[in-house]
2 protein chains.
Amino acid sequence: MPTSTTKRDDILDSALTLFAERGFDATTIPMIATDAKVGAGTIYRYFANKEVLVNTLFQHYVTLFKEALEKYYPEGAGIREQFHHLFQGMIRFTNEHDHALYFIKTHTSAYFLDAESREQFSHLLMIFEDFFEAGKQHCHIRELPSKALIAIIFGGFLQLYQLIRVGELEASAELLAGVEESCWDAVRHHS
Amino acid sequence: MPTSTTKRDDILDSALTLFAERGFDATTIPMIATDAKVGAGTIYRYFANKEVLVNTLFQHYVTLFKEALEKYYPEGAGIREQFHHLFQGMIRFTNEHDHALYFIKTHTSAYFLDAESREQFSHLLMIFEDFFEAGKQHCHIRELPSKALIAIIFGGFLQLYQLIRVGELEASAELLAGVEESCWDAVRHHS
DNA sequence: AAAAACGGAATGAATATTCATTCCTATAAA
DNA sequence: TTTATAGGAATGAATATTCATTCCGTTTTT
């Protein structure tokens with residue numbers, strides 16, 4: 001076990017960027033090594049193989065994201081404020097960890113994810129599921145399966161952030177507020 | 001030029017399914033050949049290489065999709081009816097060409113798409129862009145960049161259809177109607 | 001000086017692509 | 001009507017390339 005963890009982090013950072021931009025299969029170990037400025041062999045000092053690397057990365061960011069959403073969650077507040085918290089959480093997390101959400105999204109149903117990764121991801125979804133289920137009980141949320149509501153929010157948000165990443169849109173506060181309102185209108189109950 | 005076009009179609013069909021299910025890089029030519037019940041070499045009689053194959057496929061379905069949306073477009077009708085036409089178009093197209101939309105979505109910003117493919121895809125987006133721009137002029141549509149509105153609709157819809165493909169949700173008429181309403185509420189102007 | 005960490009060339013497996021050969025089918029000769 | 005033949009289509013084994021992983025000499029740390 002190495003003393004310094006710098007290289008390990010460099011490797012993870014480069015892997016995140018490359019996996020997000022090109023996908024797991026199109027990203028080679030030498031590519032990651034070059035980007036991280038380490039030798040190809042060094043990667044194997046920290047990760048048994050490419051699959052362990054990608055699962056480590058996946059679990060790391062899913063957990064971070066989950067924690068970001070759960071931290072300061074306004075348990076007692078109104079539903080709109082809770083939604084705001086979750087939405088802000090997505091935005092903040094995306095800003096802090098550039099490619100992380102996109103990486104998670106594009107690899108959620110990948111063939112190389114292990115049981116632990118799938119488990120962690122379902123925990124993440126449960127935060128949203130609980131929120132929507134409670135909301136539907138009080139008629140604040142549209143009568144659709146929670147899975148469907150999650151898909152609409154997540155799909156829309158991430159597709160949007162892809163445009164921002166590519167530079168086709170600028171992530172102004174105004175735009176983000178508008179998108180939040182749009183997503184809220186998509187899931188809330190309309191009378 | 002072959003007399004029958006059957007094999008070419010078999011190859012394209014198999015490639016569509018495999019690219020959609022596993023992605024371009026995780027799909028090998030022998031896989032496609034086996035699935036299509038042809039020799040690996042036969043694929044090269046019809047397509048110069050793997051990239052030409054994927055671009056052919058991409059352009060084919062983007063064009064088909066564009067035509068499906070443009071056909072019977074209710075030019076003079078109200079905005080809600082036009083939206084319904086577009087949304088129904090997405091649903092019908094997805095039903096008729098199982099993996100096509102998902103394949104398009106997951107490969108839209110892939111590194112191997114050529115200029116023609118990108119061009120075709122931007123034509124497709126323009127249908128939605130025109131619709132949203134006109135709607136905003138008459139205050140029927142939310143004041144957000146059309147690109148953002150497209151991302152929300154497309155992202156949400158496709159994420160949802162992925163759940164259906166995987167079997168986590170059933171594509172009942174009721175569900176689809178609900179999702180359409182949700183998407184409409186996401187983009188329409190609220191007073 | 002010894003031990004650990006590193007780098008990157010070497011290896012072998014997997015993959016895209018090629019190509020010599022076989023297989024059809026259609027036409028023509030018998 | 002049957003048989004021969006040409007030429008395009010199809011094949012899959014062979015080749016060339018790419019990639020994950022390993023190995024070992026070098027550098028850094030203790």
Side-chain angles (χ1 to χ4, degrees), chain A residues 1-60 103 106-107 110-114 116-117, chain B residues 1-60 103 106-107 110-114 116-117:
Chain A
M1 189 69 67
T3 51
S4 145
T5 178
T6 303
K7 296 213 181 241
R8 187 174 187 275
D9 286 348
D10 289 348
I11 293 164
L12 285 171
D13 284 351
S14 294
L16 175 64
T17 305
L18 288 164
F19 286 158
E21 284 179 351
R22 314 181 37 103
F24 176 76
D25 292 295
T27 301
T28 70
I29 292 286
M31 270 182 211
I32 298 171
T34 302
D35 192 89
K37 301 189 205 320
V38 301
T42 305
I43 291 177
Y44 289 86
R45 292 196 59 75
Y46 295 94
F47 306 97
N49 56 49
K50 198 181 169 188
E51 296 212 350
V52 167
L53 170 58
V54 76
N55 277 283
T56 302
L57 205 57
F58 188 86
Q59 288 165 33
H60 174 71
F103 162 71
T106 49
H107 294 80
Y111 62 93
F112 47 73
L113 286 192
D114 61 25
E116 178 64 18
S117 292
Chain B
M1 191 69 68
T3 51
S4 140
T5 178
T6 304
K7 300 227 172 227
R8 187 172 185 276
D9 286 348
D10 289 348
I11 292 164
L12 285 171
D13 284 351
S14 295
L16 175 64
T17 304
L18 289 165
F19 287 158
E21 284 179 352
R22 315 182 34 104
F24 176 76
D25 292 292
T27 302
T28 69
I29 292 286
M31 270 181 210
I32 297 171
T34 302
D35 192 272
K37 301 188 206 321
V38 301
T42 306
I43 291 177
Y44 290 87
R45 291 197 60 75
Y46 294 94
F47 306 97
N49 56 49
K50 199 181 168 189
E51 295 211 351
V52 167
L53 170 57
V54 76
N55 277 282
T56 302
L57 205 56
F58 187 85
Q59 288 164 34
H60 174 70
F103 162 70
T106 49
H107 294 79
Y111 62 93
F112 46 74
L113 286 193
D114 61 24
E116 178 64 18
S117 291

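So that the names make sense, note that chain A is the first sequence line, chain B the second, and so on, each numbered from 1. From a predicted model like this one, the values you see are computed outputs, not experimental measurements.
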Give the rounded distance in Å between these two atoms: NZ of B/Lys50 and P of C/dA14.
16 Å

Whole angstrom value for the distance that separates C1' of D/dC19 from CD1 of A/Ile32
12 Å

Do A/Val38 and A/Tyr46 come within less than 4.5 Å of each other through their side chains, counting heavy atoms only?
no

If the condition is side-chain hydrogen bond (donor to acceptor under 3.5 Å, both in side chains), which residues does A/Asp13 pass it with, not counting sequence neighbours?
none

Set of residues satisfying side-chain contact (heavy atoms from CB on, under 4.5 Å) with respect to A/Thr106, sequence neighbours excluded
A/Tyr102

Just how far, in rounded Å, is C1' of D/dA20 from CZ of A/Phe47?
16 Å

Describe, in one word, how the ring planes of B/Phe19 and B/Phe24 are oriented to each other, choosing from parallel (under 30°), tilted (30 to 60°) and perpendicular (over 60°).
tilted

Rounded distance (nearest 0.5 Å) linking atom CZ of A/Arg45 with atom CD1 of A/Ile11:
10.5 Å

Residue pairs passing the side chain to side chain donor-acceptor pair (under 3.5 Å) test with at least one member in residues 27-43 of chain A, sequence neighbours excluded, are A/Ser14-A/Asp35

Within residues 35-44 of chain B, residues whose heavy atoms come under 4.0 Å of DNA chain C:
B/Gly41, B/Tyr44

Heavy atoms from C-beta onward define the side chain here; which of D/dT21, D/dA9, C/dA5 lies closest to that of A/Arg45?
C/dA5

Given atom CG of B/Asn49 and atom C1' of D/dA16, what is their separation to the nearest angstrom?
15 Å

In short, side chain to side chain donor-acceptor pair (under 3.5 Å) pairs touching residues 49-59 of chain A with sequence neighbours left out are A/Asn55-A/Ser117, A/Gln59-A/Asp114, A/Gln59-A/Ser117

Taking atom P of C/dA4 as reference, at what distance in whole Å does atom OH of A/Tyr46 sit?
14 Å

Between B/Tyr111 and B/Asp25: side-chain donor-acceptor atoms closer than 3.5 Å
yes

In residues 11-31 of chain B, which residues come under 4.0 Å of DNA chain C by heavy atom?
B/Thr27, B/Thr28, B/Ile29, B/Pro30

